[in-house]
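Shown next, in structure tokens, is the structure this report addresses.
All values reported here derive from a predicted model rather than from experimental measurement.
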Amino acid sequence: VQLQTSGGGLVQPGGSLRLSCKATGMVFSRSAMAWYRQSPGKQRELVANISSSGTTNYADSVKGRFIISRDNARRLVHLQMNSLSPEDTAVYYCNTFWGRIYWGQGTLVTVSS
């Protein structure tokens, strides 16, 4: 299983970014997917997850601002991040469980003016 993450970068407060994660080596349509993030000095935390059937769940800190979605045909999971604040600055990781836990390589999101 490989998870290839893309889409991070520098954005101003109030801006938007979309992260993408392409999964290979697994039956993507059968697997739940998730996004985690880790800020300096903090533990890695769940941001959002989406079940194989499309049911979503969000951390309270991102509800109403972030949207997780999946494209089974293209084996992609996206995280649309809106109204970003400096507190959202972190390395974001794609995650799945397929026999064991797998992590993408992480992509840095920096929210700063």
Interatomic distance, [X] atom [atom1] to [Y] atom [atom2] [nearest 0.5 angstrom]:
X     : Y     : atom1 : atom2 : value
Asn49 : Tyr58 : CG    : OH    : 9.5 Å
Asn57 : Leu46 : CG    : CG    : 6.5 Å
Gln2  : Thr24 : CD    : OG1   : 5.0 Å

With the side chain counted from C-beta on, respond yes when [X] and [Y] share a heavy-atom pair under 4.5 Å apart, and no when they do not.
X      : Y      : result
Trp35  : Ile68  : yes
Met81  : Asp88  : no
Val109 : Leu19  : yes
Asn95  : Tyr102 : no
Trp103 : Thr96  : no
Arg37  : Glu45  : yes

Between [X] and [Y], what is the shortest heavy-atom contact and its length?
X     : Y      : value
Gln80 : Ser16  : NE2-CB, 3.9 Å
Pro13 : Ser113 : CD-N, 3.7 Å
Leu3  : Ala23  : CD2-CB, 3.6 Å
Gly8  : Leu17  : C-CD1, 4.5 Å
Thr5  : Gly104 : OG1-CA, 3.9 Å
Ser29 : Ser52  : O-CB, 3.3 Å

Report task. Give a yes or no on whether Tyr93 and Ile101 share a hydrophobic cluster (residues Ile, Leu, Val, Met, Phe, Trp, Tyr; joining criterion: side-chain heavy atoms under 4.5 Å apart). Result -> yes
**Report entry** Cluster link Val47 to Val11, ILVMFWY, side chain under 4.5 Å
**Finding:** yes
So, [X] versus [Y]: side-chain donor-acceptor pair below 3.5 Å or not?
X     : Y     : answer
Tyr36 : Arg44 : no
His78 : Ser69 : no
Ser53 : Ser51 : yes

Query raised in the report: Would Ile67 and Thr56 satisfy side-chain contact (heavy atoms from CB on, under 4.5 Å), going step by step from the backbone distance to the final call?
Result: CA-CA 9 Å; Ile67 301 172; Thr56 58; over 6 Å; no
Look at the side chain of [X] and the backbone N and O of [Y], then say whether any donor-acceptor pair between them is shorter than 3.5 Å.
X      : Y     : answer
Lys22  : Ser6  : no
Thr107 : Val91 : no
Arg75  : Val27 : no
Ser39  : Lys42 : no
Arg70  : Val77 : no

Query - Within 45° cone and under 6.0 Å: Arg30 NZ/CZ vs Phe28 ring - result: no
Requested in this report: For a side-chain contact (heavy atoms from CB on, under 4.5 Å) with Cys94, tell me which candidate from Gln4, Gln105, Met33 qualifies.
Outcome: Met33
Report task. Indicate the ring-plane relationship of Tyr92 and Phe66, choosing parallel, tilted or perpendicular according to the 30° and 60° boundaries. Result -> tilted
